[in-house]
Structure formats: C-alpha cells, structure tokens
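Here is the structure we will look at.
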Amino acid sequence: MSDSRFENLTIGILALQGAFHEHAVALEKCGATARKVRRRRELAGLDALIIPGGESTTIGKLMVSYHLLDEIKGLGAEGLPMFGTCAGLVMLAREVVDGDQPLLGLMDIKVRRNAFGRQVKSFEAALDVQALGEDPFPGIFIRAPWIESAGPGVDILAEYDGHGIAARQDKMLVTAFHPELTDDLRLHELFLRMVYEDRR
Ligand code: GLN
C-alpha cells in the first residue's frame, strides 16, 4: 500500500542486467520514487539502492566495467541502505562458495550459488517470515542461492530446508527469492521502513 512516509524517498535500482523493472513498479506502488542506475552520476542523492536478480557474474563484471563496483562499495560502507534479491544477495555477500567473482562484500554472509540444484531451476514456496507477520510470503526461487553461513551481526529472517534465504544486517536486506515478481509488497515496505528510519 502507498504510504505517505515513503513519498520523499528516492530508491536507486541497479539496472545493468536482470529483473530491475519489477522493483521499480513495486517501489512506486509503495509510494516511493524509483530511479534506474546505470551510471555513476545516477547514484548521487539516493536514499537507498536495490541490487536486483539476474546473473551475479554478469552483474559483477558490468559493475567493474562501468566503474560502479568500488563506488557502490563505498556508499554501502558509508551506510547507504541496500536490498539485494537473488543475484543481488550474491553481490552483497562477502564470499561465494567455490567462486571467484567481483562482489560488493557488504554483508557478513557466505553464499552458495544455484544452491537448490541445477535441475530445480525454479519453484515456489510459502515462506514463514516472522518479521512480516503471520501470513506466509510467496517465495519465487529462480536458480536461487542460499546463505551457507553468516556472522554474528546477521539476522536470518527466513529459512527453507534449513538454509537461510532472507537476512538483515544493519541497513542491508537480502532475499534469495524474488519478492518483486509477486503482488506482495511486504518486503519492499520493510525495506522502505528501514530507509525511512535511517533518514530520521
Ligand atoms: N543463479 C544466479 C546467480 O548466482 C541468480 C539467479 C537469479 O537472480 N534469479 O547469480
């Protein structure tokens, strides 16, 4: 639902590759302003940034060649709130199991890519996410990662099959699934509340 508290928030969405448009639609439904980010100058003045799903190796390479990786790392270190979904979760991790790819490394999590097996490319599951209340959240998983291990500062918000699939650390939020592909706005609202509280 559109919330007047979110009216003055401008949220960037990294739009190099992947499912960025759907995030813009979800943010606008919540009452915030969405700005697609492809260039460094488009990062100026943002209240937060979403790193969308897609292919994390591709997103990482493009971030390096567009000179966005170090810039966004710096903004995260300075405290800019970020929300990573699926490949975005991988990008925010400090480490990938058996992987060597450019990462932002802003969250103390180690992740396994394509963790649910290559055969199981996608599935849906009703998820219990206490932070969102009683109603289950419709989780859409597409070649999803899971959180293999997490440091003490990380709050695991949801698990599936015993593995972390949503987490928060300070102003960073990640999900292994794709809330932007559903009509359920609760995770975008949770993120916007984090951003709003950060601004006060
Ligand atoms: N498998 C992709 C990766 O590891 C993530 C897939 C997705 O974002 N839907 O980057």
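All values below come from the heavy atoms of this structure, side chains included, with hydrogens, waters and symmetry mates left out.
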Looking at every non-hydrogen atom in both residues, tell me the closest pair between [X] and [Y] and how far apart they are.
X	Y	value
Ala48	Leu80	N-CD1, 3.8 Å
Leu9	Asp47	CA-OD2, 3.4 Å
Ala32	Leu192	CB-CD2, 4.0 Å
Pro138	Thr182	O-CG2, 3.5 Å
His67	Arg40	O-CD, 3.2 Å
Met194	Met172	CE-N, 4.0 Å

query = Got a sec, which pairs hit salt bridge (charged side-chain N to carboxylate O under 4.0 Å, His left out) with one end in residues 155-183, sequence neighbours left out?
reply = Lys171-Asp198
inquiry  = Before you tell me yes or no, could you show the steps for Leu46 and Leu75 under side-chain contact (heavy atoms from CB on, under 4.5 Å), namely the whole-Å CA-CA distance, both residues' side-chain angles and the distance that decides it to 0.1 Å?
reply    = CA-CA 10 Å; Leu46 292 177; Leu75 290 171; over 6 Å; no
Same cluster (ILVMFWY, side-chain, under 4.5 Å), [X] and [Y]:
X	Y	result
Ile147	Val97	no
Val64	Leu14	yes
Ile142	Leu89	no
Leu190	Val154	no
Met107	Leu68	yes

Find out whether [X] and [Y] are in side-chain contact, i.e. whether some heavy atom of one side chain is under 4.5 Å from a heavy atom of the other.
X	Y	answer
Phe20	Arg38	yes
Phe83	Thr175	yes
Asp3	Arg193	no
Cys86	Pro145	yes
Leu69	Leu104	yes
Met63	Met91	yes
Asp135	Asp184	no
Leu27	Ile13	yes

ask   = Is the backbone of Ala34 close enough, under 3.5 Å, to the side chain of Glu28 for a donor and an acceptor to pair up by distance?
value = yes
request  = Kindly determine whether Glu22 and His178 satisfy side-chain contact (heavy atoms from CB on, under 4.5 Å), including the steps that lead there.
outcome  = CA-CA 10 Å; Glu22 293 81 355; His178 288 268; over 6 Å; no
query = Given the rule in the side-chain contact (heavy atoms from CB on, under 4.5 Å) test, do Leu92 and Ile109 qualify, once you have shown the distances and angles that lead to the verdict?
reply = CA-CA 8 Å; Leu92 283 169; Ile109 54 174; 5.7 Å; no
Non-neighbouring partners of Phe141 that pass ring-ring contact (aromatic ring centres under 6.0 Å, His included), sequence neighbours left out = Phe116, Phe123, Tyr160, Phe177
Donor-acceptor contacts, no H, no angles, side chain residues 53-62, under 3.5 Å, sequence neighbours left out:
| residue | atom | partner | partner atom | Å |
| --- | --- | --- | --- | --- |
| Glu55 | OE1 | Arg143 | NH1 | 2.9 |
| Glu55 | OE2 | Arg113 | NH2 | 2.8 |
| Ser56 | OG | Gln101 | NE2 | 2.9 |
| Ser56 | OG | Arg113 | NE | 3.4 |

[atom1]-[atom2] distance between [X] and [Y], expressed to the nearest 0.5 angstrom:
X	Y	atom1	atom2	answer
Leu16	Lys36	CG	NZ	12.5 Å
Ile51	His23	CD1	NE2	9.5 Å
Leu127	Leu132	CG	CG	9.5 Å

request  = List the steps, then state whether side-chain contact (heavy atoms from CB on, under 4.5 Å) holds for Met82 with Ile72.
outcome  = CA-CA 10 Å; Met82 297 190 194; Ile72 293 175; 3.6 Å; yes
